[in-house]
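What follows is a single structure, written as structure tokens, with notes after it.
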Amino acid sequence: MESHWHCELCEHQDVNLKKGNICGLTRNKPSFTDTCNKIEFGEKRERKVVETNAEFQKILKNKWWVYSYFFLFNIFTITLFYLDYLFLDYFKYFSVMTYVVPIIIAAIAITLLGMGCGALNNYRNKLSIAEANKSKVDATLSTYNIDYELKLDFIKSFHEALKVKSDLRFKIRKD
């Protein structure tokens, strides 16, 4: 496990421009292997757990829209390519200028295909990053025998970022 995830949850974390993450107690980079015996959990741990889980849940909420866009844009693309084929077949005996319209139709179809695939790829990249961050935080807490229960309520606001109301409870496991 990377030590900086332990530091991200610890109240003693300090950031130095030359050294990066350093311990506020020792003023050095973390040197522990599995767990830090000087770690102190507090407000920072709660904030990090809520942030990573809220980001993960926010991305998951967009799943339906992203897949809808993907399928809708693919249907539009297939329809435009079919219309393009029909247009070319109908006007194949006319002048060269009639090929401009099918080229424009094909360009629009390719653009729509790119928009659908781009939205899906963006969603999948954001989801994998959020999953990785959540699993790192969960794994770090697990090394200290800490579990948590979290209830998130997303509050809609029109001109601001999504606000989150959270109910977080930590439990210490006894192994």
Side-chain angles (χ1 to χ4, degrees), residues 1-9 13 15 20-21 43-143 146-171:
M1 165 108 2
E2 301 164 16
S3 63
H4 79 87
W5 285 101
H6 295 259
C7 297
E8 290 283 329
L9 301 172
Q13 178 195 25
V15 179
N21 272 340
E43 183 69 30
K44 201 171 189 182
R45 171 186 65 170
E46 292 177 22
R47 187 174 54 248
K48 191 69 173 175
V49 168
V50 170
E51 283 175 3
T52 55
N53 281 283
E55 183 67 25
F56 179 68
Q57 291 299 321
K58 184 176 82 170
I59 292 169
L60 282 179
K61 284 182 175 230
N62 292 330
K63 182 178 184 176
W64 188 87
W65 287 106
V66 169
Y67 280 101
S68 297
Y69 288 148
F70 178 72
F71 289 119
L72 184 68
F73 284 139
N74 280 332
I75 289 170
F76 285 157
T77 300
I78 291 168
T79 304
L80 283 175
F81 276 131
Y82 182 70
L83 290 175
D84 197 30
Y85 169 75
L86 292 177
F87 193 81
L88 275 173
D89 190 45
Y90 181 72
F91 288 112
K92 65 182 169 188
Y93 300 110
F94 292 94
S95 71
V96 174
M97 288 303 290
T98 57
Y99 288 108
V100 172
V101 173
I103 290 172
I104 291 172
I105 292 173
I108 292 170
I110 290 171
T111 302
L112 289 176
L113 181 65
M115 289 171 64
C117 292
L120 181 64
N121 285 337
N122 188 28
Y123 167 77
R124 293 174 76 189
N125 287 337
K126 285 182 178 180
L127 182 63
S128 67
I129 291 169
E131 279 178 336
N133 287 341
K134 182 182 177 326
S135 68
K136 295 286 186 178
V137 168
D138 291 348
T140 303
L141 289 174
S142 181
T143 59
I146 298 174
D147 291 327
Y148 62 90
E149 289 181 10
L150 177 63
K151 293 178 186 173
L152 294 173
D153 292 324
F154 290 95
I155 302 167
K156 291 183 181 180
S157 59
F158 290 104
H159 299 291
E160 298 176 23
L162 206 60
K163 294 182 180 179
V164 178
K165 182 181 173 188
S166 63
D167 180 21
L168 177 63
R169 292 190 178 104
F170 290 102
K171 295 185 231 174

My understanding is that only one of K48, R47, K44 makes a salt bridge (Lys or Arg N to Asp or Glu O under 4.0 Å) with E8; could you say which? K48
Check D153 with K151, please: is the shortest side-chain N to carboxylate O separation under 4.0 Å? no
K171: which residues meet the salt bridge (Lys or Arg N to Asp or Glu O under 4.0 Å) condition with it, sequence neighbours left out? E149
Count the heavy atoms of every other residue, nucleotide or ligand shown that sit under 6.0 Å from CZ of F170, and state whether that count exceeds 12. yes
State, with a plain yes or no, whether a side-chain heavy atom of L60 is found less than 4.5 Å away from one of Y123. yes
Please round to the nearest 0.5 Å and tell me the distance separating atom CD1 of I105 and atom CZ of F81. 10.5 Å
Indicate yes or no: does E55 engage K58 in a salt bridge with an N to O separation below 4.0 Å. yes
Are any side-chain N or O atoms of N74 and backbone N or O atoms of F70, one a donor and one an acceptor, separated by less than 3.5 Å? yes
For the backbone of A107 and the side chain of T111, can you confirm whether one donor and one acceptor N or O come within less than 3.5 Å of each other? yes
Among I129, L127, N133, which one satisfies side-chain contact (heavy atoms from CB on, under 4.5 Å) with F56? L127
Atom OH of Y82 and atom CG of L86: how far apart are they, to the nearest 0.5 Å? 4.5 Å
Decide yes or no for V15 and N21: does some side-chain heavy atom of the first lie under 4.5 Å from some side-chain heavy atom of the second? yes
Does the cation-pi check pass for R45 over Y148, that is, NZ or CZ under 6.0 Å from the six-membered ring centre and within 45° of its axis? no
Min side-chain heavy-atom separation N53-L168 under 4.5 Å: no
